[in-house]
Amino acid sequence: FMASQICWCKVGAICIRLYDLTGVLVWTGQAARPYLDCNLDLDELILPNGTYIVTFSLLIGSTGWQPAGVSTLTILR
């Protein structure tokens, strides 16, 4: 996951949250850079096949955490 459409020099951190389709939080990841490496098989979390809702937040300078978008992630193995 990575920040786009914003200068990376302005991004202090990124926070990603994955929810199942019922709205239950199943994974959170955070990094002190504008991108987050994620391997959902190796990060002690093996998610089953399905569609997940992904929310992105960015830490922008001194303004604090800002919502940066919502998307979906589909896992098919």
Side-chain angles (χ1 to χ4, degrees):
F1 301 100
M2 73 176 159
S4 63
Q5 300 180 355
I6 187 169
C7 179
W8 279 17
C9 64
K10 296 180 181 180
V11 178
I14 188 170
C15 180
I16 307 295
R17 291 183 177 90
L18 291 179
Y19 298 88
D20 66 15
L21 292 179
T22 65
V24 175
L25 179 65
V26 294
W27 184 81
T28 300
Q30 190 170 330
R33 56 187 180 271
Y35 61 90
L36 176 64
D37 295 325
C38 175
N39 185 331
L40 295 176
D41 285 332
L42 298 178
D43 290 343
E44 299 180 13
L45 173 69
I46 298 177
L47 292 174
N49 289 347
T51 300
Y52 297 87
I53 300 165
V54 183
T55 63
F56 304 87
S57 298
L58 300 174
L59 183 61
I60 308 293
S62 62
T63 62
W65 287 99
Q66 303 294 316
V70 176
S71 186
T72 58
L73 171 70
T74 301
I75 297 176
L76 296 173
R77 293 190 175 95

Looking at every heavy atom in both I16 and F56, which two are closest together, and how far apart are they? CD1-CD2, 3.1 Å

Membership question, hydrophobic clusters at under 4.5 Å side-chain separation (ILVMFWY): are V54 and L21 in the same one? no

Distance check, rounded to the nearest 0.5 Å: I75 atom CD1 versus L18 atom CG? 7.0 Å

For C15 and T28, run side-chain contact (heavy atoms from CB on, under 4.5 Å): C-alpha distance rounded to whole Å, both residues' side-chain angles, the deciding distance at 0.1 Å, then the answer. CA-CA 7 Å; C15 180; T28 300; 4.1 Å; yes

Report whether I14 and I60 are members of the same hydrophobic cluster (ILVMFWY, side-chain heavy atoms less than 4.5 Å apart, transitive linking). yes

Residues forming a side-chain contact (heavy atoms from CB on, under 4.5 Å) with T72, sequence neighbours excluded: T51

I need the minimum non-hydrogen distance between Y52 and L47, along with the two atoms involved. OH-CB, 3.7 Å

Nearest atoms (heavy-atom pairs only) where L59 meets G64: CD1-C, 3.6 Å

Where is the tightest heavy-atom contact between S57 and W65, given as atom of each residue plus distance? O-CZ3, 3.6 Å

One should read off an interatomic distance between L25 CG and D20 CG, to the nearest 0.5 angstrom, of 9.0 Å

Value rounded to 0.5 Å, distance of CG in L58 from CD in Q66: 8.5 Å

Interatomic spacing from CD in Q30 to CG in L36 - rounded to 0.5 Å: 9.0 Å

